[in-house]
Student: 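If you scroll down you'll find the structure; I have some questions about it.
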Amino acid sequence: MNIRSLLSSILIGAVASARSMTPMATIAAARLAGRHTTGQLVLLDRPVFKAGALVMGAAELYGDKMKTAPDRTVFLGLLARVLSAGIAGAALAPEGREKTGAAVAVATAVPLAYLTLAGRKEAMARIGQTRSGLIEDALIVAAGVAIVALSTRPK
């Protein structure tokens, strides 16, 4: 197995560690822009899925700044990361390697969720919840867009 062929899946798992919906939103946006993923997943071609992924991605960016936002390591937060990383990791994996792509993305997302949370808490203590969240948003969304853009091709 060539680990480089799964690099996009690993990297999108890292994105999911900080923003659970960003991987799905970036892939949905790429699909809407007419880009093709190497992994074959019929789910990604459903209009309802694409719209839902974009809405959930935007809602997460907004909700993260709220004082009542739960930590990303609570059960539902980790579950969202597992699902999003798995689907996105499979989509960005080489054709026929979707299960492996999903597995490496999840294996990246879950432990990194704890590390990204620790970093965010430290940043919150220094510059506050909103500012730290906006900076994290910018970094994670940019990373997600770059990974998906470099891992997809026009149809």
Side-chain angles (χ1 to χ4, degrees), residues 6-37 39 41-93 98-99 101-152:
L6 296 169
L7 185 58
S8 295
S9 298
I10 293 166
L11 292 174
I12 207 69
V15 167
S17 76
R19 291 289 179 274
S20 62
M21 295 297 116
T22 297
M24 300 309 304
T26 54
I27 289 176
R31 286 290 181 118
L32 286 169
R35 307 227 10 120
H36 178 72
T37 57
L41 294 171
V42 176
L43 179 67
L44 295 174
D45 292 319
R46 306 259 188 242
V48 168
F49 172 79
K50 289 180 208 172
L54 291 170
V55 168
M56 289 181 1
E60 180 183 35
L61 295 176
Y62 172 77
D64 178 65
K65 311 318 167 287
M66 299 173 75
K67 299 284 184 206
T68 58
D71 285 348
R72 60 192 72 178
T73 56
V74 300
F75 174 75
L76 289 178
L78 288 175
L79 180 62
R81 281 161 178 71
V82 166
L83 295 173
S84 179
I87 293 169
L92 298 181
E98 291 89 352
K99 288 180 183 177
V104 298
V106 170
T108 302
V110 173
L112 273 183
Y114 290 90
L115 291 174
T116 58
L117 176 61
R120 175 69 186 280
K121 284 183 175 183
E122 186 173 320
M124 284 172 51
R126 291 179 183 210
I127 62 173
Q129 183 171 1
T130 301
R131 286 176 59 196
S132 65
L134 291 172
I135 292 168
E136 188 178 40
D137 287 348
L139 293 171
I140 295 303
V141 170
V145 168
I147 293 161
V148 171
L150 293 171
S151 304
T152 60

Student: When rounded to the nearest 0.5 angstrom, what is the spacing between OG1 in Thr22 and CD1 in Ile140?
Tutor: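 Those atoms lie 7.5 Å apart.
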Student: Would you say the side-chain atoms of Glu60 pair up with the backbone N or O of Ser20, donor to acceptor, closer than 3.5 Å?
Tutor: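 Side chain of Glu60 to backbone of Ser20: a pair is present.
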Student: Give me the atom names and distance for the closest heavy-atom approach of Ala93 to Gly101.
Tutor: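 The answer is CB-CA, 3.7 Å.
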Student: So how far is it from Thr108 OG1 to Leu6 CG, rounded to the nearest 0.5 Å?
Tutor: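 The distance works out to 10.0 Å.
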Student: Counting C-beta onward and ignoring hydrogens, is there a side-chain heavy-atom pair between Arg131 and Met124 closer than 4.5 Å?
Tutor: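 Not touching, per the 4.5 Å side-chain cut-off.
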Student: Are the side chain of Ser132 and the backbone of Ala123 linked by a donor-acceptor contact shorter than 3.5 Å?
Tutor: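 Side chain of Ser132 to backbone of Ala123, a donor-acceptor pair under 3.5 Å: no, none is there.
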Student: Salt-bridge test for Arg72 and Glu136: reply yes if a basic N is under 4.0 Å from a carboxylate O, no otherwise.
Tutor: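 A salt bridge is present here (some side-chain N lies under 4.0 Å from a carboxylate O).
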Student: Between Arg81 and Ser17 (side chain of the first, backbone of the second, donor and acceptor by atom type, cut-off under 3.5 Å), is there such a pair?
Tutor: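 Flag set: sc Arg81 to bb Ser17 pair under 3.5 Å.
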Student: Ignoring hydrogens, what is the shortest heavy-atom contact between Ala53 and Ala25? Give both atom names and the distance.
Tutor: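 Nearest pair, atom of Ala53 first, then Ala25: O-CB, 3.6 Å.
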Student: Using every non-hydrogen atom in the two residues, find where Ala102 and Gly86 come nearest and quote the distance to one decimal.
Tutor: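 Looking at all heavy atoms of both residues, the shortest contact is CB-O, 3.2 Å.
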Student: If you round to the nearest 0.5 Å, how far is CG of Leu61 from CE of Met56?
Tutor: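 Met56 atom CE to Leu61 atom CG measures 12.0 Å (nearest 0.5 Å).
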Student: Measure the shortest side-chain to side-chain distance between Lys65 and Asp137 over non-hydrogen atoms and say whether it is less than 4.5 angstrom.
Tutor: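 Of all side-chain heavy-atom pairs linking Asp137 with Lys65, at least one is under 4.5 Å.
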Student: Tell me whether Lys50 contacts the main-chain N or O of Arg46 through its side chain, where contact means a donor paired with an acceptor under 3.5 Å.
Tutor: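 Looks like no, no N/O pair under 3.5 Å.
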Student: Measuring only between side-chain heavy atoms, which start at C-beta, is Val74 closer than 4.5 Å to Leu78?
Tutor: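 Answer no - side chains too far apart.
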Student: Do the side-chain N and O atoms of Arg31 and Thr152 include a donor-acceptor pair separated by under 3.5 angstrom?
Tutor: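 No pair is found: no donor N or O on one side chain lies under 3.5 Å from an acceptor on the other.
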Student: Where is the tightest heavy-atom contact between Pro23 and Ile12, given as atom of each residue plus distance?
Tutor: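 Closest approach of Pro23 to Ile12: CB-CG1, 3.6 Å.
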Student: Can you measure from CZ (Phe49) to CG (Leu54) and round to the nearest 0.5 angstrom?
Tutor: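 Nearest 0.5 Å value for the CZ-CG distance: 9.5 Å.
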Student: What is the distance from atom CD1 of Ile87 to atom OG1 of Thr37, rounded to the nearest 0.5 Å?
Tutor: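 Here the rounded value is 12.0 Å.
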Student: When Arg19 is tested against each of Leu139, Thr26, Asp64, Thr116 for side chain to side chain contact (heavy atoms under 4.5 Å, CB included), which residue passes?
Tutor: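 Among Leu139, Thr26, Asp64, Thr116, the one meeting side chain to side chain contact (heavy atoms under 4.5 Å, CB included) with Arg19 is Asp64.
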Student: Can a donor-acceptor pair be found, under 3.5 Å and without considering hydrogens, that links the side chain of Ser84 to the backbone of Ala80?
Tutor: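 Looks like no, no N/O pair under 3.5 Å.
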Student: So, taking the atom named CG in Asp71 and the one named CG in Leu76, what distance separates them when rounded to the nearest 0.5 Å?
Tutor: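 Answer rounded to 0.5 Å: 13.0 Å.
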